[in-house]
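Take a look at the structure below.
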There are 2 protein chains.
Amino acid sequence: MGITKSDQFTDHQNKMANILKALAHPARIAIVEYLLSVDSCICGDIVNELPLAQPTVSQHLKELKNAGIIKGTIEGKGICYCVNDDIITEIMSYFNTINKQLNFKKCC
Amino acid sequence: MGITKSDQFTDHQNKMANILKALAHPARIAIVEYLLSVDSCICGDIVNELPLAQPTVSQHLKELKNAGIIKGTIEGKGICYCVNDDIITEIMSYFNTINKQLNFKKCC
DNA sequence: ATTTATTATCGTAATATTGCAATGTGAAAA
DNA sequence: TTTTCACATTGCAATATTACGATAATAAAT
C-alpha cells in the first residue's frame with residue numbers, strides 16, 4: 001500500500017525511523033556533509049553545491065528541517081543553515097545502546 | 001520522479017544513505033530491537049512478534065539482509081537471525097565523525 | 001516603486017515503498 | 001511419501017518519494 005502502520009509501533013520506534021529516513025537519501029547526506037565541511041554557518045549557496053535543481057534542494061532542506069536535523073535562520077535576503085547537534089547526539093546515543101547490547105551477544 | 005540521482009553523489013554518500021534507509025522504517029527498527037532484546041540468536045518467531053503479515057515481515061527482513069544489517073543462518077527448518085555488529089560499528093563511526101566536526105563549529 | 005536575488009510552493013510525471021493474499025519452495029516429521 | 005512447518009516469491013493496490021518547471025513570496029538594493 002505504501003502506507004506505514006505507524007500506530008502499530010512505539011513512539012520511539014517511529015521517531016527513530018523518521019530521523020533516519022530524513023538522512024536516508026544521498027542528497028540529504030551531501031547537504032549535511034557540506035554544512036559540516038565549513039567552519040561556520042552556510043548562508044545561501046547550498047543549491048550551487050548540489051547537482052539538483054533549486055526546488056528539489058529546497059524540498060530536501062525542508063525534510064531535514066522537519067526532522068530536526070538542520071536549523072535555518074533568516075539572514076537578510078537568504079538563510080543560514082547549520083546542523084542541529086542535539087539530534088546528532090540523540091542518534092549517537094541510540095546506536096551506542098545498540099552497540100552495548102551487541103557486546104553481550106555471543107551469536108551466529 | 002521517485003528516482004534518486006545516485007550517480008551524482010559519491011559512493012560513500014550512497015552507501016550511507018542505503019544503510020540508513022534500511023533502518024528508516026519502524027518495523028525494521030522493531031526487528032533490530034527484538035533481535036537485540038534476547039541474549040542469543042533469534043530462531044523463528046520474528047513474524048509472531050510483529051504486527052504485520054508474514055510476507056511483509058519477510059520483505060523487511062530481506063531489506064535488512066541486503067543492507068547488511070542482519071545476518072541469517074539456515075537452522076534446520078527455520079532461520080536464525082542476528083544483527084551484524086560490523087555495520088553498527090560503521091554507522092557509529094560515521095556519526096562520530098559528524099559529531100567531531102560539529103564540535104569545531106560555533107554556529108547559529 | 002522597481003528590480004534583483006533568494007527561497008518556497010504548486011502541480012505533475014515517473015518511480016519506489018508498503019502491505020497482504022495467494023502461492024511456491026524446501027526441509028523435517030509423520 | 002505425504003504432510004507439515006517455516007519462510008520466500010509473485011502479483012497487485014494504495015500511497016509515498018523524487019525531481020523539476022513554473023510561479024509565488026519575501027526582502028534587500030537600486
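Here is the naming used below: chain letters follow the sequence lines, and residue numbers restart at 1 for every chain. If you're wondering where the values come from, they're calculated on a predicted model, not measured in any experiment.
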If you compare every side-chain N and O of [X] against the phosphate oxygens of [N] (OP1, OP2), does one of them come in below 4.0 Å?
X	N	answer
A/Lys21	D/dA16	no
A/Lys5	D/dT15	no
A/Lys62	C/dC10	no
A/Ser58	C/dT7	no

* Asked: Are A/Asp45 and A/Tyr34 close enough that a side-chain donor and a side-chain acceptor fall under 3.5 Å?
  ->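 The answer is yes; a qualifying pair exists.
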
Rounded distance in Å - [atom1] ([X]) to [atom2] ([N]):
X	N	atom1	atom2	answer
A/His60	C/dT9	NE2	C1'	16 Å
A/His25	C/dT15	NE2	C1'	12 Å
B/Lys77	D/dC7	NZ	P	10 Å
A/Gln59	C/dT9	CD	P	10 Å
B/Leu64	D/dC7	CG	P	15 Å
B/Asn66	C/dT17	CG	C1'	14 Å
B/Ile3	C/dT17	CD1	P	11 Å
B/Tyr81	D/dC7	OH	P	7 Å

Using modelled atom types only, decide if a donor and an acceptor are shared between the side chain of [X] and the backbone of [Y] within a distance under 3.5 Å.
X	Y	result
A/Arg28	A/Glu63	no
B/Ser58	B/Gln54	no
A/Asn84	A/Ile69	no
B/Glu49	B/Ile46	no

* To do: Counting heavy atoms from C-beta on, name the nucleotide in C/dG19, D/dC20, C/dA8 closest to the side chain of A/Thr56.
  => D/dC20

* Asked: Where the side chain of A/Leu52 is defined as all heavy atoms beyond and including C-beta, which of D/dC7, C/dC20, D/dC20 is the nearest nucleotide?
  ->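 The answer is D/dC20, which lies nearest to the side chain.
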
* Asked: If you pin A/Arg28 and B/Val47 to their nearest nucleotides in DNA chain D, which one's is more 5'?
  ->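 Residue closer to the 5' terminus by nearest nucleotide: B/Val47.
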
* Would you mind telling me which residue lines up with the more 5' stretch of DNA chain C, A/Phe9 or A/Pro55, judged by nearest nucleotide? =>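 Of the two residues, A/Pro55 wins.
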
* Classify the nucleic acid contact of B/Glu63 as base, sugar-phosphate or nothing, counting any heavy atom under 4.0 Å across all strands shown. =>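 Sugar-phosphate contact only - B/Glu63 comes under 4.0 Å of backbone atoms but never of a base.
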
* State whether the distance check finds a donor on one side and an acceptor on the other, under 3.5 Å, for side chain B/Gln54 versus base D/dA6. => no

